[in-house]
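Keep in mind that what you see is a predicted model, and the values were worked out from it rather than measured.
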Amino acid sequence: MADEKTVSDETLSPRAYFERCCAAGDLAFQRDATTGKAVFPPRVVAPISGATLAWEVSAGTGAVHATTTVHSRNGDPYNIALIDLDEGFRMMARVDGIAPQDVRIGLRVHLCMQRDGEDVVPVFVPSGEVR
C-alpha cells in the first residue's frame, strides 16, 4: 500500500483504515508515540499513555503463541491462533496450509491475506521453522 514503512490517513476510523490496508495486502498496526510500543488492535489513542499513535505496516512474520482447534457441527475443523508478530504485537488469526491439529506453539508463520466474502482478512501460513 505504501512504499515507506509508516503510513497514515487521518480521515478514516482506525478500523476502516486497518481494513483498507488489508484490502491492499498490508497488515497495519500502530505504535505509541510516547513509549514506542506496538499497539493492536487499532484504536484512536494509545492505551495507558493516551498518546497519539502512528501507523506502520508489519512485515507479516511471527510465531504461534497459542492455538486451539475448533470442531464445528456442520463443517471441517479449523484452528484459531494467537500470533506474536515480530514487530511486538499479538493478534488472533487462523493458520492455514496445515491441518488444524498440527499447528504448534512456536511455529513460525507469515502473512497471507485471504478474501472472506467482501472482506480481506489476515491469515497465516507456516514458514517451516519453529522458534
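- Residues F89 and A38 come closest through the heavy atom pair CB-CB, 4.0 Å.
- When all heavy atoms of N79 and A93 are compared, the closest pair comes out as OD1-O, 4.3 Å.
- A continuous path of hydrophobic side-chain contacts links Y17 to V120 [ILVMFWY only; heavy atoms under 4.5 Å].
- One finds no salt bridge joining D32 and R43 here, because no Lys/Arg side-chain nitrogen approaches an Asp/Glu carboxylate oxygen to under 4.0 Å.
- Atom-to-atom distance recorded for C112:SG and L27:CG is 12.0 Å, nearest 0.5 angstrom.
- Between the CG atom of D84 and the CZ atom of R108 there is a distance of 9.5 Å, given to the nearest 0.5 Å.
- The shortest non-hydrogen separation linking R94 to Y78 is CD-CD1, 4.4 Å.
- By the rule that hydrophobic residues join a cluster once side-chain heavy atoms approach within less than 4.5 Å of another member, V39 and F29 end up as members of separate clusters.
- A59 and E87 make their closest contact through N-OE2, 2.7 Å (heavy atoms, listed as atom of the first residue, atom of the second, distance).
- Proximity of F124 to L107: side-chain heavy atoms (C-beta onward) are nowhere separated by under 4.5 Å.
- Here M113 contributes atom CE and C21 contributes atom SG; the two are 8.5 Å apart, rounded to the nearest 0.5 Å.
- Contact between D86 and G62 at its shortest, heavy atoms only, is OD1-CA, 3.6 Å.
- Just one residue in the list V125, I80, V109, V123 forms a side chain to side chain contact (heavy atoms under 4.5 Å, CB included) with V95, and that residue is V109.
- To the nearest 0.5 Å, the span separating OG1 on T67 from CG on L82 amounts to 8.5 Å.
- To the nearest 0.5 angstrom, I83 atom CD1 is 10.5 Å from H65 atom NE2.
- Hydrophobic clustering (ILVMFWY, side-chain heavy atoms < 4.5 Å, transitive): F18 and L12 are in one cluster.
- Hydrophobic cluster membership differs between L53 and V57, with clusters built from Ile, Leu, Val, Met, Phe, Trp and Tyr side chains linked at under 4.5 angstrom.
- Rounded to the nearest 0.5 Å, atoms CD (Q101) and NE2 (H71) are 7.0 Å apart.
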Begin with the C-alpha distance, continue with both residues' side-chain angles, and end with the deciding distance and a verdict on side chain to side chain contact (heavy atoms under 4.5 Å, CB included) for I48 and T35.
CA-CA 10 Å; I48 302 171; T35 66; over 6 Å; no

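- Contact record, S72 with D76: OG-O, 3.9 Å, taken as the closest heavy-atom pair.
- With a 4.5 Å cut-off on side-chain heavy atoms, E19 and D119 do not count as touching.
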